[in-house]
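Since the structure comes first, as C-alpha cells, the remarks are kept for the end.
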Amino acid sequence: MNLFNVYPINPINIVKASGSTVWDAEGNEYLDLYGGHAVISIGHTHPYYVESLTNQLSKIGFYSNSVEIPIQQRLAEQLGEVSGKEDYTLFLCNSGAEANENALKLASFHNGRKKIIAFSKSFHGRTSLAVAVTDNPNIVAAVNQTDNVVFLPFNDEEALSNVFADCGEEICAVIIEGIQGVGGIREASIPFLKLIRSLCDQYGSVFIADSVQCGYGRTGDFYSHDYAGIYADIYSMAKGMGNGFPIGGIAIAPKFKASFGLLGTTFGGNHLACAAALAVLEIIKQDNLLQNAAQVGSYLIGELEKFDKVMDVRGRGLMIGIDLPEELSTVKKDLLLKNRIFTGEAKPNVIRILPALNITKEIADRFLTALDERLKA
C-alpha cells in the first residue's frame, strides 16, 4: 500500500528537533520559523514538555470520557487563567477543524438557526461544515456545499451591516479569524470586530472567534481577537495548544447551557493530550511567552519594513506575512534550499513567519540576514 498522494512534499527527512532547530537524516541543520503551520508553540522537544508527556504515558495514556479525568479540569483552570476567560467552559476535541465544527454546531443548538456568515479568503478547516465556511472552492466537495453560508468581504463593515439588516433574525453565527493565515496574514480591524460583537448582541447571533492558528499567544494576546477589547461567544483553538500533540478545543461563554450528549468525542481530552496541553500553558505562563511573542514580533516587523523590495509587512506578534513582488516568488524556496530556513507561504507571494513563541532576537536576526541575502541575490 502507498500513501494517498495529496501533499506537495519537500525532499527533506527531519529526524531530530530542539527549540527552533531541526536536523535532517544527513545531519544538515535547519532553522524552523514555521513550526508545521504554527503548531510548535514552545519549541521542539522542550524538556519540561517531554518530561510531562513521558510521566503521563508511564501511568495512563488514554481512557474515554466515560470516566473521571481530573487532568481535564486542571487544563481548563489553567487555560481560563492564562487566557483571562475564567468564567468560560471548555470542550476538548482533537483538531482545529473539529473545534470549528463543534463551535458552529453549538451555536445552532443555542439559537436554532442555520445561516452562517464567513468571509473572503477564510480558512476554517477541511471537514463538513468547517470547509463549507472556508473560502476555497477547490477543497469544498459537492456534499459539503450548502446555501446556509454567506461569504462577505473581509473587513467590510457596510456589507456586514446590510446583511444583518436584511436577515439578522436568521443569522446563527459569524465566524472569523482574528488574523487570516492561509488568507495571507490579513488582520481583522478593531472596528470590524467590534461591529460583529454589536450586531451579534443585537440579533441574538453567536460570535465565533477562530483562534486555531492566530490564537494561543501567537500575536502577544492569548486570542488575537483580544486586541479589539471584545469578548467572543466561542473561541476555537488547536495548533499551538499541544505543541505537536493532537488536541483542540472550544472555550464557551457562560450563556451556553450544556446537556448530556450535546457534544461528544472519543479521543478528545485524553490523558496524554491534556498532559501535553497543560505543559504548554505552564511554559507559556512561566516563561512569559506572550510578552516575548509581542516583543520579538514587533522587532521583526519593524526590521522587515525597512527592506526596499518588501511590498508589505502584515500581522502582529509572531504571526507575520511578508508580501513580495512576483519576480521574487522563489524566495521562500530559496530560503529553504539555500539558507536552510523553514517558512510558510500564502498565495501568491506571501511568506508566512510562524515560529515558536520563545524565539530570541538572535534567531530573528539570523532570518533577517538570510532574507537580505535572498533579496539581493
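By convention here, the first residue in the shown sequence is residue 1.
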Evaluate Y30 against F342 for ring pair (Phe, Tyr, Trp, His ring centres under 6.0 Å), listing each step before the verdict. CA-CA 7 Å; Y30 296 77; F342 279 96; 5.4 Å; yes
For atom [atom1] of [X], is the number of surrounding heavy atoms from other residues, nucleotides or ligands below 6.0 Å larger than 12?
X    : atom1 : answer
E29  : CD    : yes
D87  : CG    : yes
Q202 : CD    : yes
R113 : CZ    : yes
H37  : NE2   : no

Minimum side-chain heavy-atom gap [X]-[Y] below 4.5 Å:
X    : Y    : value
K121 : Q180 : yes
V310 : E305 : no
Y216 : L290 : no
D156 : F119 : no
H44  : V22  : yes
I359 : L318 : yes
I60  : L272 : no
E187 : T219 : no

Counting N and O atoms only, with roles assigned by atom type, does the side chain of [X] sit under 3.5 Å from a partner on the main chain of [Y], one being a donor and the other an acceptor?
X    : Y    : answer
S211 : C214 : no
D312 : D323 : no
N162 : E158 : yes
S120 : P153 : no
E101 : L129 : yes
D166 : V163 : no
T360 : I363 : yes
R352 : E345 : yes
D24  : E26  : yes
S122 : V133 : yes

Which heavy-atom pair separates [X] from [Y] by the least distance, and what is that distance?
X    : Y    : value
G43  : A356 : N-CB, 3.6 Å
A276 : F245 : CB-CB, 3.8 Å
G35  : D32  : N-OD1, 2.8 Å
A173 : I208 : CB-CD1, 3.9 Å
A346 : G181 : CB-O, 4.1 Å
H46  : N358 : CD2-ND2, 4.4 Å

same_hphob_cluster([X], [Y]) at 4.5 Å side-chain heavy-atom cutoff:
X    : Y    : result
L335 : V350 : no
L79  : L92  : yes
F154 : I171 : yes
F260 : F109 : no
L354 : L289 : no

What's the verdict on side-chain contact (heavy atoms from CB on, under 4.5 Å) for D334 and R374, showing C-alpha distance, side-chain angles and the deciding distance? CA-CA 7 Å; D334 291 340; R374 295 276 60 83; 3.3 Å; yes
[X] [atom1] to [Y] [atom2] distance, which is reported to the nearest 0.5 Å:
X    : Y    : atom1 : atom2 : result
L57  : S52  : CG    : OG    : 12.5 Å
K332 : I341 : NZ    : CD1   : 12.0 Å
I42  : Q286 : CD1   : CD    : 10.5 Å
I351 : L33  : CD1   : CG    : 11.0 Å
I322 : L328 : CD1   : CG    : 11.5 Å
K333 : L337 : NZ    : CG    : 6.0 Å

Can you confirm whether the side chains of [X] and [Y] place a donor and an acceptor under 3.5 Å from each other?
X    : Y    : answer
N65  : Q72  : yes
Y203 : E169 : no
T134 : N136 : no

Derivation of the side-chain contact (heavy atoms from CB on, under 4.5 Å) call for I234 and Y88: CA-CA 9 Å; I234 304 174; Y88 283 54; over 6 Å; no
Which residues satisfy the side-chain contact (heavy atoms from CB on, under 4.5 Å) test with F267, sequence neighbours excluded? F62, N94, N270
Could you name each residue pair satisfying side-chain hydrogen bond (donor to acceptor under 3.5 Å, both in side chains) that touches residues 222-246, not counting sequence neighbours? K85-D226, N100-S236, R197-D233, D233-K255
Does K105 form a side-chain contact (heavy atoms from CB on, under 4.5 Å) with L263? I'd like the steps, not just the answer. CA-CA 9 Å; K105 184 178 181 181; L263 304 176; 4.3 Å; yes
The complete set of salt bridge (charged side-chain N to carboxylate O under 4.0 Å, His left out) pairs with one or both residues in residues 62-82, sequence neighbours excluded, reads E81-K285
Stepwise side-chain contact (heavy atoms from CB on, under 4.5 Å) test for I176 and F207: CA-CA 8 Å; I176 185 169; F207 183 171; 3.7 Å; yes
Salt bridge flag under 4.0 Å for residues D221 and R316: yes
